Amino acid sequence: MRNKVPKLIDQRPGYEAIAEDGRGNVNHLITLVANGDRIYMVISAGPKGHAKSEDAVRFRDSFRLLGGPPPSQSADSSSE
C-alpha cells in the first residue's frame, strides 16, 4: 500500500488507495465504499503508474451505486 485517503465516492464516504505488487511492476487503484449493509470494492490494475492514469480514473468513475440515496450531508455537518 503506497497511499490511502478518504474520498467521496458517488456522494458517499469511502476510501481510495494506491498499491503495488512486491516488485513494483503492477500498480492498483483500489476504491472502497459502503452502501447500506454492503461494502463495494473496485480495483483497477495495470503497469507502473496505472493508478493515476486517466484510464483508471475513468474505470472507477463508470460505476454508480444503486439502492437508495447517499447519506444526508446535514448529519455530517452537525458533528463539526
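All residue numbers refer to positions in the sequence shown, counting from 1. Quick caveat, the model's predicted, so the values are computed rather than measured.
Minimum interatomic distance between A51 and N27 (heavy atoms only, all atoms of both residues): N-OD1, 2.6 Å. Scanning both residues, V33 and P13, for their nearest heavy atoms gives CG2-O, 3.6 Å. The two residues V26 and A45 have their closest heavy-atom pair at CG1-CB, 4.1 Å. Here the closest heavy-atom approach between residue L32 and residue I9 is recorded as O-CD1, 3.6 Å.
Atom-to-atom distance recorded for L29:CG and I18:CD1 is 6.5 Å, nearest 0.5 angstrom. The CD1 atom of I43 sits 9.5 Å away from atom CZ of F59, with the distance rounded to the nearest 0.5 Å. With rounding to the nearest 0.5 Å, the separation of CD in E20 from CG in N3 is 11.0 Å.
Of the possible donor and acceptor atoms, none in the side chain of N35 sits under 3.5 Å from a partner among the backbone N and O of L65. A donor-acceptor pair under 3.5 Å is absent between the side-chain atoms of D10 and the main chain of R64, judged by distance alone.
Heavy-atom contacts from other residues, nucleotides or ligands closer than 6.0 Å to OH of Y40 number more than 12.
A heavy-atom distance below 4.5 Å is not found between the side chains of R60 and S44.
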